[in-house]
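Before any comments, here is the structure.
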Amino acid sequence: MTEEDATKAVAAALAALERDSEAAAGAVREIGDPNQAFQQATELVETLRKLYEASADLRAEQAARIFETERMSLAGLADRIGVSKARAAQLVKTAKSVGRPKAETSEDEHV
């Protein structure tokens, strides 16, 4: 798959995710029994929470890829991705904990 195809696939998947989330919320509103509606709304929240956490890990992995590939300092990474140096370090640490063992958090490693 080319980068352009991958970018289009991501955009399509995100649009579908948004549509499906709206459809689920609409369906919850149609449930007559408020207890059942609450249970289903809770399921929606839990599913979206899991998706959020997985997406946050993916984002951290991509930040670590930039850090590793471009062999930059944490300050450089922070500037590149528009976060504080402390947040950049957190992202790299998160990536390391979810399976990217090469990521280093020491400023001295990539200067």
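The residues of the chain are indexed from 1 along the displayed sequence.
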Open item on the list: Which heavy atom of A63 sits nearest to which heavy atom of L77, and what is that distance?
Closed with: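 The answer is O-CD1, 3.6 Å.
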- [ ] Identify the two heavy atoms, one from A75 and one from K85, that lie closest to each other, and give their separation to 0.1 Å.
- [x]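 Answer, listing the atom of A75 first, then K85: N-CG, 4.2 Å.
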Task: Criterion salt bridge (Lys or Arg N to Asp or Glu O under 4.0 Å) on R49 and E46, from CA distance to verdict - done: CA-CA 5 Å; R49 182 190 57 76; E46 285 303 307; 2.9 Å; yes
TODO: Would you please test I66 and M72 for side chain to side chain contact (heavy atoms under 4.5 Å, CB included) and show each step?
DONE: CA-CA 8 Å; I66 295 168; M72 59 178 47; 4.1 Å; yes
Open item on the list: Could you work out, with side-chain contact (heavy atoms from CB on, under 4.5 Å) as the rule, every residue matching R87, not counting sequence neighbours?
Closed with: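 Scan of R87 (side-chain contact (heavy atoms from CB on, under 4.5 Å), adjacent residues dropped) gives R59, V83, S84, Q90, L91.
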Task: Residues forming a salt bridge (charged side-chain N to carboxylate O under 4.0 Å, His left out) with E43, sequence neighbours excluded - done: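 Residues passing salt bridge (charged side-chain N to carboxylate O under 4.0 Å, His left out) with E43: none at all.
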Task: Interatomic distance, L48 atom CG to S55 atom OG [nearest 0.5 angstrom] - done: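 Reported value, rounded in 0.5 Å steps: 10.0 Å.
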Task: Minimum side-chain heavy-atom gap F38-D33 below 4.5 Å - done: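 Of all side-chain heavy-atom pairs linking D33 with F38, none is under 4.5 Å.
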TODO: Taking the side chain as every heavy atom from C-beta outward, state whether L58 and V98 have any pair of such atoms under 4.5 Å apart.
DONE: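 Side-chain contact under 4.5 Å: no.
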TODO: Report, as yes or no, whether the 6.0 Å neighbourhood of atom CZ on R29 holds more than 12 heavy atoms from other residues, nucleotides or ligands.
DONE: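 Atom CZ in R29 is not crowded, with 12 or fewer foreign heavy atoms closer than 6.0 Å.
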Open item on the list: Please tell me whether L44 and L51 are part of a single hydrophobic cluster in this structure, the criterion being side-chain heavy atoms less than 4.5 Å apart.
Closed with: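 Yes, one cluster joins them.
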- [ ] Show your reasoning for whether salt bridge (Lys or Arg N to Asp or Glu O under 4.0 Å) applies to E61 and R65.
- [x] CA-CA 6 Å; E61 290 172 15; R65 278 182 62 196; over 6 Å; no
Open item on the list: Please check: side-chain N/O of T7 versus main-chain N/O of E3, any donor-acceptor pairing under 3.5 Å?
Closed with: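 Yes, because the side chain of T7 sits within donor-acceptor range (under 3.5 Å) of the backbone of E3.
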